[in-house]
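Report on the following structure.
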Amino acid sequence: MKFALVTGASKSIGFEVVQQLAQKGMYVYLGSRNLESGIEAVDKLKAKGLNNVEVIQLDVTDNESVLKARKEIGKKTKVLDILINNAGVYGGHPQTALDSTIDQFKATYDTNVYGVVRVTQAFIDLLNKSSEPRIVNVSSSQGSITLHSDPTYKYYDYKGAVYLSSKSALNMYTVVLAYELKNTSFRINAVCPGFTKTDFNGHRGTGSVADAGKRVVKYALIGNDGPTGKFFSEENNPETGEIPW
Ligand code: NAP
């Protein structure tokens, strides 16, 4: 059996990813910063017959919480095969380059960038023990500097200095991480789930969580001949999925 950890998974896209991985027979640790919400989420999955799911308290902005989660999971499994860095925040308003505050940047980067660094570094030893380790950093096409410089990009006018730049930073972290692990069996990619109807955007998204989940899970289960160090958004490139950084 393979073991997976999904951060920010008590609801929305993260929850759906846990569900789809569990349906495919993985044993999944459902990371939730709020333990009660995580327990409720696991109960929902168990009610559907998915017993291969377990809650783990994990706030990606809190070093102690991350290290405690690593310790707890380490008591139960010697190997982690899949890490999905899904937890993310938008960062509030305003998001203009001239008016967003340093505190907004710090809080958003703490989750979207440093959170991914914390969790990845804490779990890398367990991932190293897998024969097919996979990391999916849940990014956004909104973090593509190339697309956001192209007036024909469908979200060209959806600018947001805080959120967009946090995903661009996450993208570069993904590139560097994949580079450092290029001579291993790791496959590490940045994946955009698409503009999805969740609390994240007040349910204004146009896609379903089911489709978003599939897009993420695809790269969690990619074969050893699959890509690494790439950026995918099926919404923006339905053919190959790959999009420019
Ligand atoms: P969501 O509905 O707001 O859910 C976000 C999840 O992340 C929640 O479970 C939240 O926990 C958790 N979270 C936030 N801060 C956390 C922290 N410090 N530690 C641990 N968990 C934390 O968002 P979503 O739409 O599912 O988005 C998931 C990911 O997809 C994000 O990375 C987002 O940037 C990305 N994305 C979303 C869209 C979209 O259209 N929805 C598009 C592109 C990319 P609480 O429930 O405790 O708040």
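Start at 1 and go down the list; that is how both ligands and their atoms are numbered.
Applying the ring-ring contact (aromatic ring centres under 6.0 Å, His included) rule to Tyr155 yields the partners Tyr153, Tyr158, Phe195; only residues at least two apart in sequence or on another chain are considered.
The protein heavy atom nearest to atom 11 (O) of ligand 1 is Arg33 NE, 3.6 Å. Nearest protein heavy-atom neighbour of atom 12 (C) of ligand 1: Gly8 CA, 3.6 Å. Annotation: atom 32 (O) of ligand 1 to nearest protein heavy atom, Asn86 O, 2.8 Å. If you check which protein heavy atom lies closest to atom 30 (O) of ligand 1, you get Val138 CG1, 3.3 Å. Looking from atom 24 (P) of ligand 1 to the surrounding protein, the closest heavy atom is Thr198 OG1, 3.7 Å. In terms of protein heavy-atom proximity, atom 38 (C) of ligand 1 is closest to Gly194 O, 3.7 Å. At the shortest separation from atom 2 (O) of ligand 1 among protein heavy atoms lies Ser12 OG, 2.6 Å. In terms of protein heavy-atom proximity, atom 4 (O) of ligand 1 is closest to Lys11 CE, 3.7 Å.
For the ligand labelled ligand 1, residue Lys197 lies outside the 4.0 Å heavy-atom shell. Residue contacts with ligand 1: Ser37 is excluded, as none of its non-hydrogen atoms falls under 4.0 Å.
Around atom 44 (C) of ligand 1, the closest heavy atom drawn from Ser139, Cys192, Ser32 belongs to Ser139. Among Asp59, Thr196, Val209, the residue whose heavy atom sits closest to atom 40 (O) of ligand 1 is Thr196. Comparing Tyr155, Phe200, Tyr114, Phe15 against atom 3 (O) of ligand 1, the shortest heavy-atom distance belongs to Phe200.
In this structure, the ring of Phe200 has its center no less than 6.0 angstrom from the ring center of His203.
One finds a salt bridge joining Lys214 and Asp211 here, because a Lys/Arg side-chain nitrogen approaches an Asp/Glu carboxylate oxygen to under 4.0 Å. Residues Arg215 and Glu235 are not paired through a salt bridge, judged by the lack of any N-O separation under 4.0 Å between the basic side chain and the carboxylate. The pair Arg70-Asp125 counts as a salt bridge, with a side-chain nitrogen and a carboxylate oxygen less than 4.0 angstrom apart. Here Glu132 does not pair with Arg187 in a salt bridge; the nearest charged N to carboxylate O distance is not below 4.0 Å.
Checked by distance only, ligand 1 and Phe195 stay at 3.5 Å or farther apart across all their nitrogen or oxygen atoms. Between Pro193 and ligand 1, a contact under 3.5 Å exists for no N or O pair. For the pair Ile13 and ligand 1, the shortest N or O to N or O distance falls below 3.5 Å. Considering backbone and side-chain N/O of Asn34, none are found under 3.5 Å from N/O of ligand 1.
Near Asn201, with a cut-off below 4.0 Å to any heavy atom, the atoms of ligand 1 are 39 (C), 40 (O), 41 (N). Close approach of ligand 1 to Ser140 is summarised as follows: ligand atoms under 4.0 Å from at least one heavy atom of the residue are 43 (C), 44 (C). Counting the atoms of ligand 1 from 1 in the order shown, those under 4.0 Å from a heavy atom of Leu58 are 19 (N), 20 (C). Within the listing of ligand 1, atoms 2 (O) sit less than 4.0 angstrom from a heavy atom of Asp199. Set against the non-hydrogen atoms of Val89, the atoms of ligand 1 under 4.0 Å away are 14 (C), 15 (N).
Stacking of Lys11 on the aromatic ring of Phe15 is not recorded, the 6.0 Å distance cut-off and the 45° axial limit not both being met. Geometrically, Lys159 engages Tyr156 in a cation-pi contact, judged by NZ or CZ lying under 6.0 Å from the ring centre and within 45° of the ring axis.
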(request) Please test Ser65 against Asp59 for side-chain hydrogen bond (donor to acceptor under 3.5 Å, both in side chains), starting from the C-alpha separation and ending with a verdict. (result) CA-CA 6 Å; Ser65 162; Asp59 180 336; 5.9 Å; no
(request) Show your reasoning for whether side-chain hydrogen bond (donor to acceptor under 3.5 Å, both in side chains) applies to Asn171 and Thr174. (result) CA-CA 5 Å; Asn171 286 350; Thr174 308; 5.0 Å; no
(request) Show your reasoning for whether ring pair (Phe, Tyr, Trp, His ring centres under 6.0 Å) applies to Tyr163 and Tyr109. (result) CA-CA 8 Å; Tyr163 178 66; Tyr109 278 53; over 10 Å; no
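The aromatic rings of Trp245 and Phe231 sit parallel to each other, their planes meeting at less than 30°, with 60° as the upper class boundary.
Nearest heavy-atom pair, Tyr219 versus Val136, reported as atom, atom and distance to 0.1 Å: C-CG2, 3.6 Å.
Residue Tyr163 touches ligand 1 through its side chain alone, judged by heavy-atom distances below 4.0 Å.
Residues Val17 and Leu50 share a hydrophobic cluster, clusters being chains of Ile/Leu/Val/Met/Phe/Trp/Tyr side chains in contact below 4.5 Å.
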